Amino acid sequence: MTSRYHSPKVAQTVSRWSIVTVAASVFVCGLVWHNANLLGVGAAILCFILRRAWDNVSDDRPIHEQPINRGQENVRPTRVVRANVSEPPISSEKVSGDGLAQHDSSPRSTDALVDELLTNGRYALMLRPDTKQHLTQSQVMRAIRQLDEAMALVPAGRVLVGQLAEISNSACGQSEIDPKLARRNLVMVAPIYLDRFCVTNAEFQKFIDAAGYEQLEFWHEEALPALLDFVDQTGAPGPRFWSEGQYPPDDPHLPVVGVSWFEAWAYARWVGKQLPSDAEWTKAAAWPVESAPGRVAQRRYPWGESFDVRRAHLYGSGHSAPVPVDEFPGGTSVGGIHQLIGNVWEWTSTPLADVADPTLHVSESVMCVRGGAFDTYFENQATCHFQSGEQALARRRNIGFRLALPMSDLEAPKNSDDHEQQPEAKESHEHPTELLLATQ
Amino acid sequence: MTHLAQIPLETYLLAEHAAPIACLVCDHENCVSAARCRNCSAPMSLAHNTLSSKRQPQLIAVIGASGAGKTTYLGLLMDMLTRHVGLLRSTARGPMSISLQQATTTALATGWFPEKTVTSAEHWHWVHCQFNCRRRRRPLELVVPDVSGDSLIVETERTNRYPALRSLLAKAAGIMVLADAEQLQSADHSQDFVALKLLSLIGELRDEHSHTWRSRGPERRPLALVLTKADKCEGLHESPRQFAEGHAAALWNDCRDRFPRHEVFACSVAGATAMRENYGRPQQVPLRIEPRGIIEPFGWLMSELDENWNNPGVVSRLCSR
């Protein structure tokens, strides 16, 4: 137990010092070469490392020595959350059970941690196999109930994406299809859970309140130099159109917008989920049915083949701003996912260059966005198949996101004996309750 | 002579030659059956519509360098007005007025920008529409041509190569100057110079035709400076005036000096763009269409043109969806 606890800490310290060394080198190079860019990047990384180091020093102090912030209006609840909840049970890549294991001796603190995680919508962390083993059955059941309410299952199967989907849709699947295109655009998707609603302002506020923008372990390496730019209108960390780290009053149920792809990615890490891939998103919306091998029929819109202005919030709806995520219930997909079409575009984890047709030249930093938004003018640009893209650093007023949770993340790691029986096991796990009870 | 003798002396032919009709744009006299003015190539249907409705339309000049986005802006504007955005709406006067809208929306919906307007004046789109505001009784009759940017540049250098342009710039009741904000931001001032030349030409033509104006007093025509492709410039939609002062100071100052009634706007049509290979040639294409700030400049111009429409808040009401 001791060695398991210490080795990541040592590794973390070593990696931190290596980052400090690199940042200092970049800074010195900037000074020597009189390069403002290098100076800026080096200084930014050093600032974050020093800030982080200071936070750790203050957190390592005994609780009674730490500043008491609760109840003070102008102080963000960063320290309180971190002092009470301890570190979130996430190591570098995967969720670790160590955080919860430390609380096993005191059931009350585990309950508090579970309550905190559930309140913040971080139930996915509790359902990871290595975390789950430290929880009681009732605690796991609470997390499963929240998962069932918030996410819908998208079964495994093949889906047409991109150019092939457009061709197939316009020609009713009768035209000759280039085999190379078919190989590229007919994608097998593993079973996933997908959020029923886009992430709202109120949900994202919890990430801000938990100082998510200051915890570097949640952030993509490429985003670190840009992290200082991810501020709201008042300069506080947060989505672009917020003020003083708070969402606009009376808008808790609006989808969060003005967030870059990296901010969406970091939030996903924080809650233990991930951005859906382009194919996963299409699978959830178009709900394909494979009548014969390679012959896939899928919908143009989640509700059918023709556009209906009452089912999705596009330009023609008459509102020039996003609406709450639970409006337009008529546009719900077969699987029970709301507003896949319209209201706000949704970030996916796929670069547009990977899925767009080869004649389109886009940089690798342009990520796929899906579904159309309140200001999408043409209905044919808000279908299940229409692909658009945006720079990963862009913080647009019409791009939000929803998150996915691969079912494989909830399954216990299989040992070599079980490996051969994997396909059968996958098919049998159709319901989260069964799945999680099976892996208990 | 033989040829003339073969023409049947029908009454209507005599009448055609006896009662010529003046071109709405250049005032040149044409025969009644002419489809286009033989002087400036403007469609004669404009003059016929004017005769039938007995209401003189006002000309709006939409000018700017080639590639500034005049065709896309105008085509989408007309489509949005046809869709009845807010209180403002338009009714096309004749099928010709719908061609620009059709060409633009067809291109945009299929993932392309519309073709560049050719320099030949016969192929320019002349949009003649009646604009109504639900709360006002009196409609405004406007003619808004989509002219080639290259032709505008030629006209600033050679006189009377395009009579339609000279007449348009001289007679326009309102002016919209379009400038590519992305180019301005990247410190490429070629757009500035083209617009400056055009504004200078408008000034010259005004002096030439000053006897036709009610007085030689200050310029009373409204001018809207529209910064296009605003989606590529962070924060431009929020503060277009600040952007104009910072990135197009010469143009902005010239607009202010020449036209006391002026305003600056930002607009964008595409949410994002990329390059697509088209027959081996890279071409910029829209990744999605998200019009923003399209109606506002036009609404402001209309409120300035007609005092009936000009009261505080009318523009925002006209443009609100």
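Every chain is numbered from 1, with letters handed out A, B, ... down the list of sequences. All figures in this text were calculated on a predicted structure; none of them were measured in a lab.
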A:Phe378 side, atom CZ; B:Glu290 side, atom CD - distance, nearest 0.5 Å: 12.0 Å
Between OG1 on residue B:Thr110 and CG on residue A:Asn380, distance to nearest 0.5 Å: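 B:Thr110 atom OG1 to A:Asn380 atom CG measures 8.0 Å (nearest 0.5 Å).
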Stacked cation flag B:Arg83 on A:Tyr377, 6.0 angstrom / 45 deg: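 Relative to the ring axis of A:Tyr377, which defines the angle, B:Arg83 lies inside both limits.
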Heavy-atom pair count under 4.5 Å with chain B, highest-scoring of A:Ala394, A:Gly372, A:Ala373, A:Ser388: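 Among the listed options, the one with the most contacts to chain B is A:Ser388.
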Leading residue by heavy atom contact count with chain B [cutoff under 4.5 Å; candidates A:Arg240, A:Gln391, A:Glu379]: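 So the answer, after comparing A:Arg240, A:Gln391, A:Glu379, is A:Arg240.
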For the student: nearest non-hydrogen atoms of A:Phe386 and B:Leu287, plus distance: CZ-O, 3.3 Å
Considering all heavy atoms, the nearest A:Gln381-B:Leu108 contact: NE2-O, 3.3 Å
Measure distances from [X] to the heavy atoms of chain A and classify the residue's part below 4.5 Å as side chain, backbone, both or neither.
X	answer
B:Asn278	neither
B:Val285	side chain
B:Glu238	side chain
B:Thr105	both

Flag, side chain of A:Thr359 to backbone of B:Glu277, donor-acceptor distance under 3.5 Å: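 Answer holds: no.
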Backbone of B:Arg292 reached by a side-chain donor or acceptor of A:Asp375 within 3.5 Å: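 Not a single qualifying donor-acceptor pair exists.
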Salt-bridge present (A:Glu390, B:Arg288; N to O < 4.0 Å): yes
Residue A:His220 excluded, over 12 heavy atoms near NE2 under 6.0 Å: yes
Neighbour count >12 (heavy atoms, 6.0 Å) for atom CD, B:Gln242: no
Any A:Leu360 side-chain heavy atom under 4.5 Å of B:Met275 side chain: no
Heavy-atom pair count under 4.5 Å with chain A, highest-scoring of B:Ala272, B:Ala274, B:Gly111: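 The residue among B:Ala272, B:Ala274, B:Gly111 with the greatest pair count is B:Ala274.
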